[in-house]
Every structure is written in C-alpha cells, then in structure tokens.
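A short write-up of the structure that comes next.
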Amino acid sequence: MWRWDQGRLNYFSVENIRRIAAALYELNGVDLRQDPDPLRPILQAATGLPFAPSHYRVWRNYARVFKVLGLASQLDNKLIVTELCEKLLAGGEQFFSYDEYLQHVARTFYCPSPAFQGYDTDAIQVFPFCSILKLLMSKALSGEVPYIDLEEVFGRLIGNEVTGLEPLERYTVLPDSGLRPAGDLARQVREMIVFISQLSYLSWLDGRLILDPTVLQGVSRNKLEEFARPLVRPRNIDSELEIQKISTVDEELEGAVDLRAPFGIDDMLFTEGRKIRISHLRTERNRKVVDYYFENCANKYLCDVCDAEVKDRYPWVSNLIEVHHILPLSSPLHVTGGGTSIADLVGLCPNCHRATHAYYRSYLAAENVEDFSSKDEAMLVYNQVKESYVEI
C-alpha cells in the first residue's frame, strides 16, 4: 500500500522545503544526541514552523518528513544531508527549480519507503507518483479530461496494484477494482496528491488533480514515457544509506524534462531566468483553472483592477478576461478546502494583467527576493496594484 507522512502539509510546501533544506544544510554533521536539541532552534528560526510538540526532539517526530523529501538521513547518530538537499541550495547553473526537485522525488520515491518502518529490499517497489502521472497522461492522450480524484486513485491504481513501471498503454485500460478510500490511508494518499500537485503542469482543484493537457502538445510518446519512468536502482539494505542513494542526482535526473517553455517575451521577463516562477504562468493558462474561475465567479466579464467591462467594449469577442493567480507558484497547500478557493483567483483585462506582472517584478526586485514569502504578502502587493491604478 502507498504511504506518506500525513497531517503536515505545511512542511511539504515548496515554499518551506527550501527553507528546511537550508536549515538542515547548516546542521549537517550535527550529533543528534546533543542536549538541548540542536535542530529545533535553527529549524524554527529558518521556517517559522513549530515542529510540535516542543517536548519531543525534532528528529524523533520529523525524521520521516526530512527523509521522504529526500533532504537528510541519520548516519552514525549524525544528521547528514543529501545531494538533493545541496542541489536545492546551489546557485548558478546548479540551481534546482521546484519542478526539477519535485520531478526527482516523483521518479525516486517508492513504497515500501526507507523513510518508514517496514522497509524491505525484497518487496516489490511501487512508485505512486509515476503511476499518477501515467494515468493522467494516458487520459490526455486518449482524449479524456485529464483529471483524477481520490476514488480513482484507489479504484484504478492502488486496487489494481500498479507499480508505475508499466507502459502508458497499460493505464488506458485499467478497470475500476472497486477499492475505495477509507481511514488513515485515504488521508495519506490525499496528501501525496496535494504534494505532487505543486508541479507546474498540475493543479489541485475541487478535490481533483488536473493535468494541463496543453503541456503534452508536440511531445512524443517516448518522451512522455521517459518523463514518468521510475528510476530503479539496486537497493541498499540500510534504510538510512538508501535515503542518501535515492537522493543522489545523476545524469538521468540532472534536469526535469521541460514539457513547456515560457510563452513569450513578457513571460521571460517575469521569470527573469528563474524557472521556479514559470509555474505561476502555467497555472494562469491551465484551461481547467480558467474554467473553474469562470464557472464560479459572479463578475466574470469585469476586470478586477480597472473595472472595465470588456464584453461590452468588444462585443465580437466572447471574453477577453484573463485569470490571474494572486500568489505566484500558487501552492495548493495554502488554498481553502479541497481545492482552489475562488478568492485565490482574479479576472484581469490583458493590459492590467501585464501591468500586474510588471508591478510584481518591481516589488520583488526592490525587496531583493525571488518570490513572495507567503500568500498574505502576495495579496498585499496585489492590493497595492489596485490602489496604484490611475483612472484617466
């Protein structure tokens, strides 16, 4: 069965993973038996997360988090960071984008995982994230709407005991096994789905994981097979050494397959050479995100900044409003309920949309940061855009 570390979604946010990685890198080689706990003050200061309860040592309660994220393991009672952890913090050409990081985890995480009890090198390896990607891709290639929900993950993937190693064709004919989500496993699998939905070409909307089908256009089936192919290596019987091994970045995983590049000059200016913000642009253009907004928004033809009623101005066009996600990287871990909240999306006319991106760039440059630190900060800056707009 699939397994994940449940109840800690904030620790699995891409915004916090890099912060956790930085703190662990600073602690590299520390003796985990030291008193007081050497991890707590540095991790709390770096992330702002509580690592509760305070009377437990951090490694005791959060080792599984660090291990499934591929950041660190324990060797000879010392915390040792992985190569993947170092990649997240490297600069220049060695810099790992969020997509590259998540893609590495998707292709290397397997069950039974060395991060949990019950690790067994003789057990069949199951790669949950590769299975999910292959089912979504097979749907898109077959002309279906490429989304899956928790019931389908249980009924078609877990219930049929897929491993992620099967060819794409196998996923087009998977029957419904009748297995349904229940109990603790249902929550674990749901949080796995939410975690991987942070890939830029996926979205977590209304309890469904949705693949943007446009990313597959012009990509060969062989390339798609490669993209979702698990990386199988000989396993180490020592689970702590196995964490280090699967978190090694070799040539096969040096870079994620880039399914879609930025869209134009303005997009390149927005990303400013950093691939981590391309996910914001992709989210705005994901057809299912757009559909969700227009199905649920009361003022679907009104620009949120300039109040222009574009449908009346251009009656020969059905709608010119573009959907803008207020928080770049649009982490699904900060939205409400089981999917994206309508409050996270706004409709903008093309001019205001481009101007909002320009304002974002100026703000981030002035603050000397790459991205907003939180959803609240993004909302604050977006409101500054609205307040700064001058009606002529």
Side-chain angles (χ1 to χ4, degrees), residues 3-92 94-96 98 100-102 104-105 108-121 123 188 191-192 195 231 233-250 253 333 373:
R3 191 172 181 189
W4 195 246
D5 194 69
Q6 68 182 42
R8 291 173 172 152
L9 277 180
N10 275 340
Y11 299 83
F12 291 93
S13 161
V14 290
E15 295 177 354
N16 287 324
I17 290 171
R18 206 183 294 273
R19 295 186 185 114
I20 291 172
L24 294 177
Y25 186 80
E26 183 178 345
L27 290 159
N28 190 34
V30 71
D31 191 328
L32 293 167
R33 299 169 297 182
Q34 284 184 23
D35 284 319
D37 185 351
L39 273 60
R40 182 172 299 283
I42 292 176
L43 277 163
Q44 286 184 334
T47 66
L49 297 168
F51 292 92
S54 58
H55 60 280
Y56 281 5
R57 296 180 74 87
V58 169
W59 187 260
R60 171 185 170 180
N61 247 23
Y62 290 84
R64 288 175 303 189
V65 173
F66 307 144
K67 291 177 184 179
V68 299
L69 290 174
L71 300 179
S73 66
Q74 174 182 286
L75 301 176
D76 297 326
N77 294 311
K78 294 180 179 179
L79 184 150
I80 304 297
V81 299
T82 65
E83 184 179 335
L84 183 60
C85 179
E86 294 174 353
K87 280 282 189 180
L88 276 171
L89 305 174
Q94 298 300 311
F95 182 84
F96 241 36
Y98 288 130
E100 287 170 320
Y101 165 76
L102 291 166
H104 181 107
V105 175
T108 58
F109 177 82
Y110 64 85
C111 299
S113 169
F116 299 99
Q117 290 183 346
Y119 171 62
D120 180 3
T121 55
Q188 292 192 41
E191 296 192 6
M192 289 180 75
F195 167 74
L231 184 62
R233 297 160 163 163
R235 285 174 278 182
N236 196 307
I237 194 169
D238 185 318
S239 62
E240 302 292 336
L241 289 173
E242 178 67 0
I243 294 294
Q244 294 288 328
K245 187 171 187 177
I246 64 179
S247 302
T248 300
V249 182
D250 59 20
L253 288 172
L333 307 175
S373 62

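Just so we're clear, the structure is a prediction, and the values are computed from it rather than from any experiment. Every heavy atom of this structure was used, including side-chain atoms; hydrogens, water molecules and symmetry mates were not.
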Could you grab the distance from atom [atom1] of [X] to atom [atom2] of [Y], nearest 0.5 Å is fine?
X: L49; Y: Y11; atom1: CG; atom2: OH; result: 5.0 Å
X: L39; Y: R60; atom1: CG; atom2: CZ; result: 14.5 Å
X: Q188; Y: Q6; atom1: CD; atom2: CD; result: 4.5 Å
X: E86; Y: L24; atom1: CD; atom2: CG; result: 11.5 Å
X: M192; Y: C111; atom1: CE; atom2: SG; result: 5.5 Å

Indicate yes or no: at least one non-hydrogen side-chain atom of [X] is less than 4.5 angstrom from one of [Y].
X: N10; Y: T47; answer: no
X: L71; Y: V81; answer: no
X: R8; Y: N61; answer: yes

Determine whether a donor-acceptor pair (N or O, by modelled atom type, separation under 3.5 Å) exists between the side chain of [X] and the backbone of [Y].
X: D37; Y: V58; value: yes
X: S13; Y: L9; value: no
X: R233; Y: K245; value: yes
X: Y101; Y: L69; value: yes
X: Q74; Y: L79; value: no

Problem - Residue pair V68, F109: steps toward the side-chain contact (heavy atoms from CB on, under 4.5 Å) verdict - result: CA-CA 7 Å; V68 299; F109 177 82; 4.0 Å; yes

Handout entry: E191: partners by salt bridge (Lys or Arg N to Asp or Glu O under 4.0 Å), with sequence neighbours left out
Key =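 In terms of salt bridge (Lys or Arg N to Asp or Glu O under 4.0 Å), with neighbours along the sequence ignored, E191 is linked to R187.
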
Problem - Contacts of type side chain to side chain contact (heavy atoms under 4.5 Å, CB included), residue L241, not counting sequence neighbours - result: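 If we apply the side chain to side chain contact (heavy atoms under 4.5 Å, CB included) test to L241, skipping adjacent residues, the hits are L75, N236, D238.
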
Handout entry: side chain to side chain contact (heavy atoms under 4.5 Å, CB included) involving P38 - partner list, sequence neighbours excluded
Key =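 Per chain and number, P38 pairs via side chain to side chain contact (heavy atoms under 4.5 Å, CB included) with V30, Q34, R57.
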
Can you name the nearest heavy-atom pair linking [X] to [Y], along with the distance?
X: I80; Y: Q244; answer: O-NE2, 2.9 Å
X: L27; Y: L43; answer: CD1-CG, 4.5 Å
X: I246; Y: H104; answer: O-NE2, 2.9 Å
X: S247; Y: T82; answer: CB-CB, 3.5 Å
X: A52; Y: Y62; answer: O-OH, 2.8 Å
X: I237; Y: T121; answer: CA-CG2, 3.8 Å

Problem - With Y119 via ring-ring contact (aromatic ring centres under 6.0 Å, His included) - residues at least two apart - result: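 Not a single residue meets the ring-ring contact (aromatic ring centres under 6.0 Å, His included) criterion with Y119.
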
Problem - Summary of salt bridge (Lys or Arg N to Asp or Glu O under 4.0 Å) pairs that have at least one residue in residues 64-77, sequence neighbours excluded - result: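 Counting only pairs at least two positions apart or across chains, the salt bridge (Lys or Arg N to Asp or Glu O under 4.0 Å) contacts touching residues 64-77 are D5-R64, K67-E240.
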
Exercise for the section: Hey, could you give me each pair passing salt bridge (Lys or Arg N to Asp or Glu O under 4.0 Å) that has a residue in residues 38-55? Not counting sequence neighbours. Expected result: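 For residues 38-55: none.
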
Handout entry: Parallel, tilted or perpendicular, as decided by the 30° and 60° cut-offs, for the rings of W4 and F12
Key =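 The rings of F12 and W4 sit tilted, inter-plane angle from 30° to 60°.
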
Exercise for the section: Show your reasoning for whether side-chain contact (heavy atoms from CB on, under 4.5 Å) applies to V105 and F195. Expected result: CA-CA 10 Å; V105 175; F195 167 74; 3.9 Å; yes

Practice task
Determine, using ring centers only, whether F51 and Y56 are less than 6.0 Å apart.
Solution key: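 Ring centres of F51 and Y56 not closer than 6.0 Å.
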
